[in-house]
*Asks:* 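First the structure, which I've put down as structure tokens, then a few questions once you've had a look.
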Amino acid sequence: MKPHDSPPPDSARSSRAETPGVAGIVDHQTISRLRAAKGEEPERKQAPLSFALIRRLFRFAGPYRRKITGLFLVVALRAMQIPVLAWGVGAIINGPVERGDLAGLGWSVAAYAAFAIFTELTFRYRIKWALEFGEAVIHDLRAAMFQRWLGLTMGYFNRQPVGRLISRLTGDAENVRVGVQNVLFVSLVQGGQMLGCAVLMALADWRLFLVVLGVAPIVWGLNLFFRRRLGDAYRRQSESFSRITATMAESVGGIRVTQSFGRERVNADHFRALVEDHARYNFASARLGGTFLPLLELNAQLFMALLVVVGGGFVLDPHDPMPVGSMVQFFFLAGLFFSPVTVLGNMFNEALSAMAGAERVFSVLDTQPEWTDPADAVAPDHLEGRVELRDVDFAYEPGRPVLHRVSFTAEAGQCIAIVGATGSGKSTVAGLIAKFHLPDEGAVLVDGHDTRTLSSAWLHARLGIVPQQNHLFGGSILENIRVVRPGATREEVRESLDRLGCLDAIEAIPAGLDAEVGERGAGLSLGQRQLVCFARALVADPRILILDEATSAIDPLTEARTQKAMRLLMAGRTSFVLAHRLSTLRHADRIIVMGGGRIIEEGDPETLLGAGGAFADLWERAVR
């Protein structure tokens with residue numbers, strides 16, 4: 001049985017058998033099962049060489065044509081210099097050393113040293129220009145990916161995990177960078193070095209060169225045999241470590257839940273099993289490496305011994321002796337001929353990884369948005385704010401409709417409250433009004449214009465949204481509030497907070513408006529984050545306002561303080577209020593009750609309460 005196929009330890013088997021599929025434990029089977037359920041193919045760590053991908057990569061090299069031309073020149077020069085240095089040693093021994101010419105020896109050594117310095121300068125610029133070229137190309141690739149993501153619609157991001165997108169920008173792009181700046185140029189240098197050494201060895205002594213040719217396939221085959229197995233072992237090792245880090249992140253993030261339900265022992269057992277698996281993969285890699293390197297070294301020593309025997313026989317030949325300097329020269333050239341074999345094997349593995357990374361990077365660049373604005377998209381001079389949904393059907397996934405024949409009209413300046421159970425379609429309606437999605441059937445009209453024909457940028461500039469899941473960017477509270485209007489002054493931001501009745505709550509935070517919010521707003525409480533989002537919408541001064549559970553994270557006292565500000569904010573604007581808290585709906589002009597993706601009730605609050613229907617039932621439960 002191969003090392004990586006050996007069964008897991010007993011503790012691992014027992015812990016898995018007791019509790020299969022423990023939340024927070026990310027094993028290979030779980031990942032595979034989830035991807036299979038979504039119809040996703042497993043991501044390849046390596047991919048075959050593709051000249052189509054290589055051509056696409058080099059299109060990004062267009063702006064750096066002069067640098068890449070110089071780079072190819074120094075690569076060719078470097079490949080020739082290394083064999084010439086080895087040849088020069090033999091030439092000095094056969095020349096001034098053999099003749100006993102001290103003056104000639106001095107000049108020869110000086111020339112050799114000068115050429116060696118020139119070689120090192122060439123090496124420096126080969127590395128420098130390759131790094132600069134690789135970084136320039138990967139900078140453009142990352143910028144192109146980010147630009148592509150900014151132009152994609154919400155459906156794409158609903159389907160793609162954030163971790164996968166980050167992986168495209170980091171791990172996959174890094175593999176491409178290594179391929180661009182290392183694999184190509186290092187392989188050219190090493191291949192040129194082998195070719196140059198082969199020519200010089202053939203010219204020096206064709207009989208010894210035949211010995212080299214006889215040994216070369218053995219060295220290459222040995223390298224290929226072990227490289228494939230080492231590549232598999234390192235890949236399993238990397239995947240195992242990824243599972244450990246993912247599980248660690250899940251466990252730390254959910255430590256409160258783990259401790260609340262007393263799952264420490266179970267999670268610890270499973271984590272121990274993952275660590276034991278990782279140790280097995282590390283041992284397997286170490287065993288293979290510990291076998292390969294000594295074998296490679298033994299092969300080199302045996303080869304050198306063979307050269308000494310054969311070459312020594314040629315040197316001692318009384319009829320046509322081979323000069324000692326030529327034999328030394330041949331030894332150097334043979335060593336330089338075989339040294340690239342291992343390097344080229346590594347470069348081949350890196351090339352396959354770069355191809356897999358390039359496939360995934362270009363899959364992002366080739367992704368087209370589900371819809372785009374037409375070339376003649378409308379951008380009216382003025383927006384009144386009348387919104388109409390006309391027989392709208394919508395589904396995030398084909399065959400699984402979310403909305404069915406939804407129709408209603410909001411006149412300019414009206415406040416429309418949309419209520420219903422979780423999953424009834426409230427947020428989907430808001431997304432359609434904001435043109436984050438387009439309806440499958442029917443139309444969403446803004447001032448009589450179908451949103452399909454409206455400029456998305458124009459519409460979004462006139463919308464204010466406070467989402468259910470508030471999001472803050474890294475930076476200060478002040479920067480987060482005026483992200484929708486960078487030109488807003490500090491006083492305008494303070495005035496907005498004062499109108500909301502929460503200026504004192506923000507200024508009570510150490511550093512006030514200049515306080516750093518932390519990653520995703522972690523430095524603020526949930527209610528404070530919601531207030532910042534609310535102030536952000538007010539600063540935007542929109543014509544259409546969408547409040548998606550806008551007060552869900554605010555305590556009742558703070559909510560009472562902001563009710564007046566909410567009414568001031570919604571005055572004169574078309575407002576859509578999505579809420580579970582029915583206390584926020586008392587000032588709505590009309591209430592739409594949704595259920596199962598349909599409108600099941602519609603009217604003003606008093607009428608609906610008197611009708612004793614779905615809204616009255618919701619109200620009764622809320623005040624009970």
Side-chain angles (χ1 to χ4, degrees), residues 70-130 185-186 188-216 219 297 299-344:
L71 186 53
F72 275 117
L73 287 175
V74 296
V75 162
L77 189 59
R78 172 74 178 168
M80 291 186 294
Q81 287 171 332
I82 298 173
V84 169
L85 280 173
W87 175 85
V89 174
I92 292 174
I93 294 174
N94 286 334
V97 170
E98 187 175 319
R99 294 194 305 269
D101 183 3
L102 290 179
L105 178 62
W107 283 108
S108 298
V109 171
Y112 185 87
F115 188 75
I117 292 172
F118 175 56
T119 300
E120 292 308 308
L121 283 174
T122 304
F123 187 36
R124 177 186 183 276
Y125 282 99
R126 207 283 296 165
I127 293 177
K128 178 178 181 292
W129 290 347
F185 302 114
V186 170
L188 287 175
V189 169
Q190 298 296 315
Q193 174 181 321
M194 291 184 73
L195 180 62
C197 289
V199 170
L200 291 176
M201 283 190 294
L203 292 175
D205 193 293
W206 63 269
R207 298 166 299 177
L208 282 179
F209 181 58
L210 290 179
V211 175
V212 172
L213 289 183
V215 174
V219 176
E297 186 171 336
N299 186 79
Q301 299 301 330
L302 291 175
F303 169 67
M304 288 301 177
L306 181 62
L307 277 184
V308 168
V309 172
V310 178
F314 293 156
V315 170
L316 298 176
D317 186 354
H319 303 292
D320 185 17
M322 179 182 184
V324 175
S326 297
M327 184 176 174
V328 173
Q329 185 182 64
F330 204 95
F331 266 73
F332 278 113
L333 290 171
L336 288 175
F337 178 80
F338 284 110
S339 63
V341 172
T342 302
V343 177
L344 289 174

*Asks:* With a 6.0 Å cut-off (strictly less than), is the heavy-atom count around CZ of Phe209, excluding the residue itself, greater than 12?
*Replies:*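 Yes.
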*Asks:* So do Val189 and Phe185 actually touch side chain to side chain, heavy atoms under 4.5 Å?
*Replies:* no
*Asks:* Report yes if some heavy atom in the side chain of Phe72 is under 4.5 Å from a heavy atom in the side chain of Leu188; otherwise report no.
*Replies:*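 When only atoms from C-beta onward are counted, Leu188 and Phe72 do touch, with a gap below 4.5 Å.
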*Asks:* Say you draw a straight line from CG of Leu85 to CE of Met80; how long is it, rounded to the nearest 0.5 Å?
*Replies:* 12.5 Å
*Asks:* Out of curiosity, Ile127 CD1 to Leu71 CG, how far, rounded to the nearest 0.5 Å?
*Replies:*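 Reported to 0.5 Å precision, the distance equals 11.0 Å.
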*Asks:* What's the spacing between Tyr112 OH and Thr119 OG1 if we round to 0.5 Å?
*Replies:*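 Tyr112 OH to Thr119 OG1: 8.5 Å, rounded to 0.5 Å.
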*Asks:* Kindly give the heavy-atom pair with the smallest separation between Ala198 and Phe337, and that separation in Å.
*Replies:* CB-CE1, 4.0 Å
*Asks:* If I take atom CE from residue Met327 and atom CG from residue Leu208, how far apart are they, to the nearest 0.5 angstrom?
*Replies:* 7.5 Å
*Asks:* What's the shortest heavy-atom distance between Ala91 and Pro96, and which atoms?
*Replies:* O-CD, 4.1 Å
*Asks:* Using a 4.5 Å cut-off on heavy atoms from C-beta on, say whether the side chain of Val74 contacts that of Arg124.
*Replies:*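 No, too far: nothing below the 4.5 Å cut-off.
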*Asks:* Just how far is it from atom NZ of Lys128 to atom CG of Leu121, taken to the nearest 0.5 Å?
*Replies:* 12.5 Å
*Asks:* Any side-chain heavy-atom pair from Phe118 and Gln81 closer than 4.5 angstrom?
*Replies:* yes
*Asks:* How long is the gap from CG on Leu195 to CG on Leu200, to the nearest 0.5 Å?
*Replies:*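 So the gap between those two atoms works out to 9.5 Å.
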*Asks:* Identify the heavy atoms of Met194 and Pro340 that sit nearest to each other, and give their distance.
*Replies:* CG-CG, 3.5 Å
*Asks:* Are Ile93 and Gln329 close enough that some pair of their side-chain heavy atoms sits under 4.5 Å apart?
*Replies:* no
*Asks:* Taking atom OH of Tyr125 as the centre, does the number of heavy atoms from other residues, nucleotides or ligands within less than 6.0 Å exceed 12?
*Replies:*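 Open.
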*Asks:* Looking at Pro83 and Leu336, what are the two nearest heavy atoms and their distance?
*Replies:* CA-CD1, 4.5 Å
